[in-house]
Amino acid sequence: MSVDFETFFSSKLHYSLRNLIAESYCKHELFDAYMLSVCDGGTMWAGHPRDFNWSALEGRRLLSHNRFFDNTVYNELVKRNLAPKINYSSWECTANLTSYICNRRALDTAVEFLFGVKVDKSARANADGKHWPNDFSESERATMLKYASQDAVWCYRLWEKYGEQWPEIERRLSTQTINQGMRGVQINTELLNDYIVQSHEVKANTEKVLPWLADPEDDGSWNEEFDPKPTSTKCIAEQCRRVGIPSPPVKSTEGEEVFEEWEILYGPKHPWIAALSSWRSLNKLYKTFVLMKSRLRDDGTMPFGLKYMGAHTGRWSGAERVNLQNQRKKPLLVNEIGLMEIDENRIDAALLDKKRLGKFPGWVKYSLDFRALIIPRPGKIMIVSDLAQIEPRVLAWLCGNTVLLDMIRGGLSVYEAFSRANMGYVGGKLDKDSDFYKLIKIQVLGLGYQAGWEKFVTIAAAGGIDITKDDPEWIEVPDPHTGETKKISGYGKRSREIVADFREKNPKLVKFWADLDSSFKRSIGSDFIVTLPSGRKLSYRKVRSSIRLTADKNGRPVKKWVFLGESDGRHKICYGGKLTENVIQATARDIFGAHLIALEDAGHTVLYSSHDEAICECAPETTAEEIELIMSRCPDWIEGLPVAAEARIVPHYTK
DNA sequence: GCAAGATGCGCC
DNA sequence: AAAGGGCGCATCTTGC
């Protein structure tokens, strides 16, 4: 039986689900659920909730398109004595169903894709700011009832036609995810209040360093010509002009390194450069803290959003503006002058002090640690557990690299095993701090998805290795046309060698890329569908090819064929390595999904998850080993994969 | 006044 | 021959 509520909203008053999470929206004084529509295929009903025969839902399986919302509305009605408590048997979400079936969440786009029918959503847009029934004309009321019924009908049809294609485990993951968000997490509210005050103060200090905001009694030149906002690009450009330095390079187009060079060159002389970056970080934190406070329940817990099948590969994604999957790992430290500390070495040293001595060095005035805000409920403990190198393991399994898997099963670390099984290393036990070990690690992480030598230079740099430092200035190569020897730049020589060597020694992997690549290209004109080991399917629709203009090394334009497939409503370039990455990520997600359900079956509460990490709230007697054991299980559909996990009891969410 | 695009920040 | 990373969200600018 599908259930769909229509409620008052007003974009003018900023009272809508755009601005508020469902629970805050329902708690609000403006909340009014004025219409309910239900459909069980045979019968249809739409009207005011007060006129509904609620007992019709008793013992039934309920369906909603976005159950998080409709379930929250229903709970609120019960709380306000506007609806009775019903014992329904389950409540499924058809938005999650269609995300699984076709990566479309919204009702209209899903129905259009799956049924080829355009659903008219204009009635809802037309209800913006209107109170029921007085603000609706006679005909508008009829339209609204029809619209509500139509949504309930489509919700039911989606379930009727596609429900069976949704495997049991996925259905449970969907339900688990929605329950997680509705259950929420316990927040250290005292600390949150502190953080709000502190982050606001540091933000204000930072604004004083920005010349266009700093002096309210300046000559007025900022206010006259510019709109002085904290991160205004116009103000930044003008400031650069005034002090005679070039404008900052754009990170996304000119590269992180180029920006860093600029920063190193001009940062020390111009404190506002660092302040700009700090302000963005602080503002993000401050806004998040304030939002969290607004969502707190009386018991100090906070609901949150998490999207089942949020990403094309099936991974979960954050939602509702407080995204538990992308909060900073390291605390933000406030230094002796009341600003955000930016010296990474100093920060790391301070964090080490804290870890070893239990307290920060004197210069740390305050620490803003987002993760410290999330604590276990009273009488419970928190156990954080994450899968050990799941993606390289899955990659090895899919490529049939049994030698490597056997070594891992025998107890070697993934990287040590790789050096022996695939790179020809035969020496003694590797030292984890050695450059050789680091190099192996970045190869495993970086080269498995077909990165080229230039990309590998940046991957290595991110891993702390300058792979170009021993490159010769010049190398001599024969010209293919004349046969004469010519000199070319030696930059990247080492990187090229590593990449070539890696590929030579991993023929199964190279073949895996090539096979995926060629089957993708063969599906031009139709959809490319990969069946994952779990049985789940990954789709790339409407595969086509297209010509792109790029520059060769001399800057001359070159035409290049690329191949594209549609996912998440956009055509994206696909190639063997990229497809491999997707397949691996999706498979790792399925394995992790099995763990999430197993944890639940063992009686643990999974508060939420983050890609390969499960955050659990458990009975106090639970041990980390119990969790580790469950997280190390290997699903029967990927037999022989050595799965491993680490778990630890923590006072609060941490990494 | 709104939507879309560009840019940045944070995680895995 | 090589080969854009994914996600969400805030801020600011520009175009309609």
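Predicted, not measured: the structure shown is a model, and the values here were computed from it. Letters A, B, ... mirror the listed sequences (proteins, then strands); counts begin at 1.
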Colleague: Using a cut-off of 4.0 Å on non-hydrogen atoms, how would the nucleic acid contact of A:Gln327 be classed: base, sugar-phosphate, or nothing?
Modeller: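 Result for A:Gln327 = sugar-phosphate.
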
Colleague: Rounded to the Å, how far apart are A:Leu285 CG and C:dA10 C1'?
Modeller: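 After rounding, the reported distance stands at 13 Å.
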
Colleague: A:Leu276 CG to C:dT11 P: how many Å, rounded?
Modeller: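 Between P of C:dT11 and CG of A:Leu276: 14 Å.
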
Colleague: Answer with base, sugar-phosphate or nothing: what part of the nucleic acid does A:Asn283 contact at a heavy-atom distance below 4.0 Å?
Modeller: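 Counting heavy atoms under 4.0 Å across all strands, the contact made by A:Asn283 is with sugar-phosphate only.
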
Colleague: From the options B:dC12, C:dT13, C:dA10, select the nucleotide whose nearest atom is closest to the side chain of A:Arg321.
Modeller: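 Given the options B:dC12, C:dT13, C:dA10, the side chain of A:Arg321 is closest to C:dA10.
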
Colleague: C:dT11, OP1 or OP2 - any side-chain N/O from A:Lys287 closer than 4.0 Å?
Modeller: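 Yes, such a contact exists.
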
Colleague: Would A:Glu207 and A:Trp279 count as having a side-chain donor-acceptor pair, cut-off 3.5 Å?
Modeller: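 Checked: A:Glu207/A:Trp279 side chains pair up, N/O donor to acceptor below 3.5 Å.
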
Colleague: For a quick check of understanding: with a heavy-atom distance under 4.0 Å over all strands, which category does A:Ser277 fall into, base, sugar-phosphate or nothing?
Modeller: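 Sugar-phosphate, no base atom in range.
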
Colleague: Does the side chain of A:Tyr575 get closer than 4.0 angstrom to OP1 or OP2 of C:dG4 through an N or O atom?
Modeller: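 Answer yes for this pair, as a side-chain N or O of A:Tyr575 is under 4.0 Å from OP1 or OP2.
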
Colleague: Between P on B:dC11 and CG on A:Leu445, what's the gap in Å once rounded to a whole number?
Modeller: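 After rounding, the reported distance stands at 17 Å.
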
Colleague: On the nucleotide B:dC12, are OP1 or OP2 found under 4.0 Å from the side-chain N or O atoms that A:Lys329 carries?
Modeller: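 Yes, A:Lys329 has a side-chain N/O under 4.0 Å of OP1/OP2 on B:dC12.
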
Colleague: Does C:dG8 have OP1 or OP2 under 4.0 Å away from a side-chain N or O of A:Lys307?
Modeller: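 Yes.
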
Colleague: For the residue pair A:Ser99 and A:Arg105, confirm or rule out a side-chain donor-acceptor distance under 3.5 Å.
Modeller: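 Distance-only check passes for A:Ser99 and A:Arg105.
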
Colleague: Measure NZ/A:Lys229 against P/C:dA10 and give the value in whole Å, please.
Modeller: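 Nearest whole value for this atom pair: 16 Å.
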
Colleague: Might you point out which heavy atoms bring A:Cys240 and A:Pro246 nearest each other, and give the distance in Å?
Modeller: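 The pair with the smallest heavy-atom distance is SG-O, 3.7 Å.
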
Colleague: Can you check whether A:Ser317 has a side-chain N or O nearer than 4.0 Å to OP1 or OP2 of C:dG6?
Modeller: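 No, no such contact exists.
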
Colleague: Looking across every strand, which nucleic acid part, if any, lies under 4.0 Å from A:Gly318 by heavy atom: base, sugar-phosphate, or nothing?
Modeller: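 If one applies the 4.0 Å heavy-atom cut-off, A:Gly318 turns out to touch the sugar-phosphate alone, with no base involved.
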
Colleague: Give A:Arg589 one of three labels, base, sugar-phosphate or nothing, depending on what nucleic acid heavy atoms sit under 4.0 Å from its own.
Modeller: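 The residue A:Arg589 makes no contact with any strand.
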
Colleague: Check this one for me: any side-chain N or O of A:Thr313 less than 4.0 Å away from OP1 or OP2 of C:dG6?
Modeller: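 For C:dG6, neither OP1 nor OP2 has a side-chain N or O of A:Thr313 closer than 4.0 Å.
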
Colleague: Could you tell me whether A:Gln585 contacts a base, only the sugar-phosphate backbone, or nothing, with contacts defined as non-hydrogen atoms closer than 4.0 Å?
Modeller: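 The answer is nothing, as A:Gln585 stays clear of every strand by at least 4.0 Å.
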
Colleague: Flag this pair as yes if the NZ/CZ of A:Arg242 is under 6.0 angstrom from the six-membered ring centre of A:Trp212 and inside a 45 degree cone about the axis; otherwise no.
Modeller: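 A:Arg242 over A:Trp212 ring: no.
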
Colleague: Expressed as a whole number of angstroms, how long is the span from A:Asn326:CG to B:dG8:P?
Modeller: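 In whole Å, B:dG8 P and A:Asn326 CG are 18 Å from each other.
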
Colleague: Apply side-chain contact (heavy atoms from CB on, under 4.5 Å) to the pair A:Ile342 and A:Ser278, showing each step before the final yes or no.
Modeller: CA-CA 8 Å; A:Ile342 54 165; A:Ser278 295; 3.9 Å; yes

Colleague: If you count heavy atoms of other groups shown closer than 6.0 angstrom to NZ of A:Lys505, is the number above 12?
Modeller: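 Counting neighbours around NZ of A:Lys505, more than 12 heavy atoms of other residues, nucleotides or ligands fall under 6.0 Å, so yes.
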
Colleague: Just how far, in rounded Å, is C1' of B:dC12 from OH of A:Tyr608?
Modeller: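 To the nearest whole Å, that distance equals 14 Å.
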
Colleague: Answer yes or no for A:Arg315 and A:Phe592: cation-pi contact, defined as NZ/CZ to six-membered ring centre under 6.0 Å and angle to ring axis within 45°.
Modeller: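 Judged by the rule (NZ or CZ under 6.0 Å from the ring centre, within 45° of its axis), A:Arg315 is not positioned above A:Phe592.
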
Colleague: Does a side-chain N or O from A:Thr231 land closer than 4.0 Å to OP1 or OP2 of C:dC12, or not?
Modeller: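 Yes, within the criterion.
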
Colleague: Rounded off to whole Å, could you give me the CZ-to-P distance for the A:Arg328 and B:dG8 pair?
Modeller: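 Taking atom P of B:dG8 as the reference, CZ of A:Arg328 is at 18 Å.
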
Colleague: Nearest-nucleotide wise, let me know which of A:Lys203 and A:Lys572 is further upstream toward the 5' end of DNA chain C.
Modeller: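 That would be A:Lys572.
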
Colleague: OP1 or OP2 of B:dG10 sitting under 4.0 Å from any side-chain N/O of A:Ser281?
Modeller: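 For A:Ser281, the contact criterion (side-chain N or O under 4.0 Å from OP1 or OP2 of B:dG10) is met.
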
Colleague: Do the side-chain N or O atoms of A:Arg280 get closer than 4.0 angstrom to the phosphate oxygens (OP1, OP2) of C:dT11?
Modeller: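 For C:dT11, neither OP1 nor OP2 has a side-chain N or O of A:Arg280 closer than 4.0 Å.
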
Colleague: Using a cut-off of strictly less than 4.0 Å, decide whether A:Lys455 has a side-chain nitrogen or oxygen near OP1 or OP2 of C:dG5.
Modeller: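 For A:Lys455, the contact criterion (side-chain N or O under 4.0 Å from OP1 or OP2 of C:dG5) is met.
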
Colleague: What is the distance from CZ of A:Arg503 to C1' of C:dA1, rounded to the nearest Å?
Modeller: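 The answer, rounded to whole Å, is 9 Å.
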
Colleague: Nearest of B:dC12, C:dA3, B:dC9 to any side-chain atom of A:Asp517?
Modeller: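 The listed nucleotide nearest to A:Asp517's side chain is C:dA3.
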
Colleague: Need to verify one output field. Residue with the more 5' nearest nucleotide on DNA chain C, A:Trp561 or A:Glu581?
Modeller: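 Result: A:Trp561.
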
Colleague: Determine whether any donor atom in the side chain of A:Asn323 lies under 3.5 Å from an acceptor atom in the base of C:dG8, or the reverse, and answer yes or no.
Modeller: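 Donor-acceptor pair under 3.5 Å: no.
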
